[in-house]
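Presented below is the structure to which this report refers.
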Amino acid sequence: MTTYTFPEGFLWGSATAAFQIEGAVHEDGRRDSIWDVFCREPGAVANGDDGTVACDHYHRMPDDVALMSELGLQSYRFSTSWARVRPDDDQFNPAGLDFYSRLVDELLGHGITPWVTLYHWDLPAALQSNGGWTNRDTAYRFVEYAEAMHGALGDRVNIWTTLNEPWCSSFLSYAGGEHAPGHADRREGLHAGHHLLLAHGMATARLRELAPSATLGITTNHTVADPLDPSSPTDVDAARRIDGMFNRFFLDPIFRGAYPADVLEDLAGLGLEDAIQPGDMEIIATPIDVLGVNYYHGEAVTGTPSSDYAPVVGPDGRLRGNPNIGSEWVRSVSRGLPVTDQDWEIQPEGLTRLLVRLHEEYTGPAGIPLYVTENGAAMPDVADEEGFVDDQDRVAFVRDHLVAVHDAISHGADVRGYFVWSFMDNFEWAWGYDKRFGIVRVDYETQHRTPKASALFFRDAASENCVRG
Ligand code: NCW
């Protein structure tokens with residue numbers, strides 16, 4: 001048995017997102033976000049689930065924070081709901097701002113460091129009616145929203161993430177059709193991606209003016225794409241393309257002020273250039289203090305190059321696109337690795353490779369630390385009569401990925417913390433409530449919370465600052 005001890009000061013936390021847990025979607029002045037609208041579309045979300053009640057966190061927040069404290073969380077990463085705070089793209093909503101202010105007070109009262117994410121996918125529907133992220137104006141609106149959040153919380157919150165997983169809120173949402181607003185248009189996907197990056201850069205610059213000593217960053221989601229057959233040039237090219245769209249499309253502008261040349265070549269003729277205005281790339285490259293990394297799985301990819309592409313109408317009548325813009329022919333193929341409840345292949349060593357690479361190619365040269373802002377797994381949980389879930393599969397997943405983080409640190413990556421996704425079971429987007437990621441079980445009938453074995457494992461790891469395996 002080896003003990004993997006983390007550097008002193010390593011931050012142990014957990015994360016959630018507003019729409020996935022809050023509920024209370026029509027209370028205290030909140031109005032629809034694009035996810036409320038999307039949930040009403042037949043076939044968009046499994047079982048027709050929606051966020052109306054979710055984990056009822058809006059009403060149970062103090063108890064939830066008390067449970068976080070009992071479980072030894074040192075930091076809690078949550079997102080604020082733009083639709084709660086500025087429901088109509090007009091006046092800011094004092095009741096919405098007050099909820100997050102109370103949450104921050106509650107966290108600080110328990111000695112838990114608040115880590116705010118400003119955008120975790122729930123755009124106000126009022127903005128989508130003007131094109132949402134395909135409209136450049138939304139980026140300017142985001143800056144106003146960021147300013148307001150800073151005005152409400154900036155005296156107590158020091159760590160700010162602009163966006164969570166812009167790949168999802170652009171490509172998966174506007175081109176892939178799987179997330180709100182459920183469009184299947186490649187040009188829209190690319191424009192959304194650029195405007196999200198612009199919003200990130202402008203908000204970072206503004207927050208820096210308002211709070212010179214704050215820690216500012218973005219969280220990107222990553223895949224580690226390996227060619228199915230490393231000796232096949234098409235498979236190698238498929239892996240390069242997926243890496244280009246998932247990882248480098250976002251990181252290169254942020255760290256190098258330019259889209260990668262090979263990605264621009266792959267995307268030629270699809271309209272990205274039309275969204276880029278003089279000065280945009282400099283704004284996007286506004287320096288940040290921290291990069292948040294979300295990692296769930298790696299994949300093996302293959303495919304036969306083709307320029308054929310047509311969105312398909314699914315059995316539910318909804319148009320489905322493909323988030324792999326310009327490389328729709330690339331497919332992920334099972335390598336026979338064990339999978340989570342979402343069929344995502346479990347590959348902890350991919351996290352080591354990812355962190356070392358990010359450090360060497362992007363953050364290290366700029367002296368910027370990495371935080372794993374999300375990692376975790378949906379597992380087929382079974383609760384006993386008391387509601388306890390002995391989720392040894394999730395314990396192993398989290399432990400093995402923490403060992404992978406430790407390996408990355410041993411190889412020189414400057415990783416300062418790990419946030420398990422998620423604090424509690426919640427609304428898993430298009431999968432609805434079927435998929436459970438929490439280290440705390442939520443009984444949706446009673447809203448009763450029960451820490452799972454993984455929560456107890458995580459509490460011990462955090463308090464000892466190590467894992468064993
Ligand atoms: S879906 C997703 N997730 C999960 C979600 O609960 C959370 O809000 C997100 O930050 C868990 O963590 C993130 N990420 C999308 C991963 C990419 C999916 C690739 C689909 C290919 C078609």
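In this text, all values refer to a predicted model and were calculated from it rather than measured experimentally. Order of listing sets the numbers, starting from 1, for every ligand and every atom in it.
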According to side chain to side chain donor-acceptor pair (under 3.5 Å), who are the partners of R240, at least two apart in sequence or on a separate chain?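 So R240 forms a side chain to side chain donor-acceptor pair (under 3.5 Å) with D237, D262, D266.
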Is it true that D28 and R30 have a side-chain N and a carboxylate O under 4.0 angstrom from each other?
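So D28 does not pair with R30 through a salt bridge.
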Regarding D390 and R394, does a basic nitrogen lie under 4.0 Å from an acidic carboxylate oxygen?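 Looking at D390 and R394, the cut-off is not met.
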*Using the ring pair (Phe, Tyr, Trp, His ring centres under 6.0 Å) rule, collect all pairs that involve residues 312-334, keeping only residues at least two apart or in two chains.*
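Pairs touching residues 312-334 that pass the test: none.
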- Does a side chain donor of either Y119 or T161 reach within less than 3.5 Å of an acceptor in the other side chain?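 T161 and Y119 do not have a side-chain donor-acceptor pair below 3.5 Å.
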Ligand 1 polar-atom proximity to protein (N/O, under 3.5 Å):
from: ligand 1; atom 1: 6 (O); to: Q20; atom 2: NE2; distance (Å): 2.9
from: ligand 1; atom 1: 6 (O); to: W421; atom 2: NE1; distance (Å): 3.2
from: ligand 1; atom 1: 6 (O); to: E428; atom 2: OE1; distance (Å): 2.5
from: ligand 1; atom 1: 6 (O); to: E428; atom 2: OE2; distance (Å): 3.3
from: ligand 1; atom 1: 8 (O); to: Q20; atom 2: OE1; distance (Å): 2.8
from: ligand 1; atom 1: 8 (O); to: H120; atom 2: NE2; distance (Å): 2.7
from: ligand 1; atom 1: 8 (O); to: W429; atom 2: NE1; distance (Å): 2.9
from: ligand 1; atom 1: 10 (O); to: H120; atom 2: NE2; distance (Å): 3.3
from: ligand 1; atom 1: 10 (O); to: N164; atom 2: ND2; distance (Å): 3.1
from: ligand 1; atom 1: 10 (O); to: E165; atom 2: OE2; distance (Å): 3.3
from: ligand 1; atom 1: 10 (O); to: E374; atom 2: OE1; distance (Å): 2.7
from: ligand 1; atom 1: 10 (O); to: E374; atom 2: OE2; distance (Å): 3.0
from: ligand 1; atom 1: 12 (O); to: Y296; atom 2: OH; distance (Å): 2.6
from: ligand 1; atom 1: 12 (O); to: E374; atom 2: OE1; distance (Å): 2.7
from: ligand 1; atom 1: 14 (N); to: E165; atom 2: OE1; distance (Å): 3.1

Review point. Which residue pairs satisfy the salt bridge (charged side-chain N to carboxylate O under 4.0 Å, His left out) criterion with at least one member in residues 437-448, sequence neighbours excluded?
Key: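 Listed once each, the pairs would be none.
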